[in-house]
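This structure is a prediction, so every number in the text was calculated from the model and none was measured. Start at 1 and go down the list; that is how both ligands and their atoms are numbered.
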Amino acid sequence: MNTKTGTNINEAISLLRSGEIVAIPTETVYGLAGNGTDEKAIQKIFKAKKRPLSNPLILHFSNLEHLSKYVKNLPKHAKILAEHFWPGPLTLLLEKSEIIPATVNAGNRRVAVRIPNHEMTLKLLSKIDFPLAAPSANLYGRISPTTVEHVLNQLDQIIPYVLNGGECNNGIESTIVGFDENSPIIYRLGAITVEQIESCLGQKIKIHNHNIQNSGPDASGMVKFHYAPRTPMYNIEQICTKEETSKFGYIGFDTLNHLIPAENQFLLSEEGDLRIASRNLYHAMHHMDQKHFEKIFICDFPNEELGRSMNDRIKKAIAKFNA
Ligand code: TXA
Ligand code: MG
């Protein structure tokens, strides 16, 4: 199958209406979208990504009114968060209504929903009468895409169309919040920080313990290996100075590392700005992965605000090579 890229929203819509899957831009990462009410389209998404059916998808809507038809209710805290952060990089886990096929959310009681903040995709969503089920448009376990090129690197010839909406603004996935007996819990760290959520709700928020395996909902954070490049990646603390470092690459925050040649390094934000750094994180990982280094090293980020979300992704990316 030839993969076309372009900015034609109507072309994307007619493919989606005919049950096809299309990569779409969002403010976080590109999504691999299909009609969220069409069982066959949903199966195509899982197949194209090689994703296990046990890992549920997020439904995307253009407005709260449309979204409300697909969930049983909107708890008090959910309503506050929705009004504050949507459209934006927040995903809520809510009780699903019967119209959603069970394959979307792996038979869970709850479904993940969000209103993304990307002009092109909001326009597309406003022209269709079904939600778009869309996981990140990468192969299972690999790095999420923040540009059309990243999508093509993994899904070229596998999907018919990539809607080109430029580079994703946030560059890291949405933050997932669920509710346990009405108390909010963060299931996945992401583009909206814990601090922002706490300040919006005026209370401390629990973060779900991602290390608990086989219990509770299957959130992405619980998969041990994720977001990984093909080149082995390690924390910079693990570098051994006795090794030949000229074939090593380094992804740093704002400062070059003196052990590795400067031309092998990618600084995420020379000005030390976490927002810029998190926008560039996946791009840097994709870029360095193409350089044929023997190993890629990466630094830790300050464990606050977006640094915390970045550390979460980095931890999962390097887990594969430290197993
Ligand atoms: O920013 C984002 O959220 C992007 C863009 C495309 O919207 N999407 C995204 O989807 O990151 P995905 O599928 O790569 O990650 C969503 C994660 C899944 O790994 C899944 O485990 C979790 O959300 N999730 C979805 N539905 C869930 C549910 N009902 N209960 C628990 N976790 C759920
Ligand atoms: Mg993903």
Side-chain angles (χ1 to χ4, degrees), residues 21-34 36 42 45-46 48-61 70-72 85-97 100-118 121-122 124-125 131-146 150-151 154-155 162-163 165 168-180 185-192 208 210 212 215-228 278-279 282 309 312-313 316-317:
I21 56 176
V22 167
I24 54 160
T26 82
E27 79 282 36
T28 59
V29 300
Y30 273 75
L32 182 56
I42 294 159
I45 295 174
F46 281 100
K49 268 185 73 91
K50 303 200 173 90
R51 170 167 168 141
L53 292 162
S54 58
N55 200 345
L57 308 179
I58 300 176
L59 290 181
H60 297 69
F61 299 85
Y70 291 80
V71 297
K72 285 214 171 116
F85 291 110
W86 280 345
L90 171 77
T91 293
L92 296 178
L93 297 179
L94 300 172
E95 297 266 332
K96 91 177 191 68
S97 71
I100 302 171
T103 30
V104 166
N105 66 333
N108 278 299
R109 181 172 53 85
R110 297 185 295 185
V111 65
V113 291
R114 87 178 188 99
I115 301 178
N117 190 14
H118 190 288
T121 292
L122 279 176
L124 188 161
L125 283 165
L132 289 181
S136 50
N138 53 282
L139 295 174
Y140 185 65
R142 300 265 294 275
I143 313 164
S144 304
T146 58
H150 301 161
V151 176
Q154 299 189 33
L155 296 175
V162 185
L163 187 62
C168 303
N169 239 323
N170 291 91
I172 193 163
E173 292 87 348
S174 61
T175 302
I176 303 181
V177 178
F179 304 90
D180 195 357
I185 301 175
I186 295 181
Y187 279 87
R188 176 176 73 181
L189 297 166
I192 289 176
H208 195 269
H210 290 166
I212 303 170
S215 71
D218 188 4
S220 65
M222 293 180 204
V223 182
K224 213 171 159 206
F225 309 140
H226 218 349
Y227 314 106
S278 72
R279 182 188 303 152
Y282 290 151
S309 309
D312 169 77
R313 302 300 192 271
K316 273 162 210 140

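Close approach of ligand 1 to Asn55 (heavy-atom distance below 4.0 Å) involves ligand atoms 18 (C), 19 (O), 20 (C), 21 (O). Residue Ser174 has at least one heavy-atom neighbour below 4.0 Å for each of these atoms of ligand 1: 1 (O), 2 (C), 3 (O). Counting the atoms of ligand 1 from 1 in the order shown, those under 4.0 Å from a heavy atom of Ala112 are 25 (C), 26 (N). Near Ile176, with a cut-off below 4.0 Å to any heavy atom, the atoms of ligand 1 are 17 (C), 22 (C), 23 (O). Heavy-atom proximity to Ile58, at under 4.0 Å, picks out these atoms of ligand 1: 3 (O), 8 (N), 9 (C), 10 (O), 16 (C).
Heavy atoms of Lys96 stay at 4.0 angstrom or farther from ligand 1. Close to ligand 1: Arg114, with a non-hydrogen atom less than 4.0 angstrom away.
To the nearest 0.5 angstrom, Ile172 atom CD1 is 9.0 Å from Arg188 atom CZ. Taking CZ of Phe85 as the reference point, atom CG of Asn117 lies at 12.5 Å (rounded to 0.5 Å). Taking NE2 from His150 and CG from Leu155, the interatomic distance works out to 13.0 Å, rounded to the nearest 0.5 Å. One finds the OG1 atom of Thr26 at 9.0 Å from the CD1 atom of Ile58 (value rounded to the nearest 0.5 Å). Atoms CZ and CG, from Phe179 and Leu92 in turn, are 5.0 Å apart once rounded to the nearest 0.5 Å.
Residue Arg110 has at least one nitrogen or oxygen atom sitting less than 3.5 Å from a nitrogen or oxygen atom of ligand 1, judged on distance alone. Looking at ligand 1, you'll find an N or O of Arg51 within less than 3.5 Å of one of its N or O atoms. Residue His60 places at least one N or O, backbone or side chain, under 3.5 Å from an N or O of ligand 1.
Classification of Glu27 and Arg114 as a salt-bridged pair holds, one side-chain N sitting under 4.0 Å from a carboxylate O.
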Next on the checklist: Run Arg51 and Leu57 through side chain to side chain contact (heavy atoms under 4.5 Å, CB included) and show every step you take.
Outcome noted: CA-CA 10 Å; Arg51 170 167 168 141; Leu57 308 179; 3.9 Å; yes
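Between atom 14 (O) of ligand 1 and the options Ala137, Ser144, Ser136, Cys168, the minimum heavy-atom separation is to Ser136. For atom 1 (O) of ligand 1, the candidate residues are Thr28, Ile172, Leu57; the nearest heavy-atom contact is made by Thr28.
Each of Ser144, Cys168, Pro145 was scored for a side chain to side chain contact (heavy atoms under 4.5 Å, CB included) with Tyr282, with one residue passing: Ser144.
Under 2.8 Å from the Mg ion (ligand 2) lies an N/O/S atom of Ser136, whether from backbone or side chain.
Ring-plane geometry between Tyr140 and His226 is classed as tilted, the angle between the planes lying from 30 to 60 degrees on a 0 to 90 degree scale.
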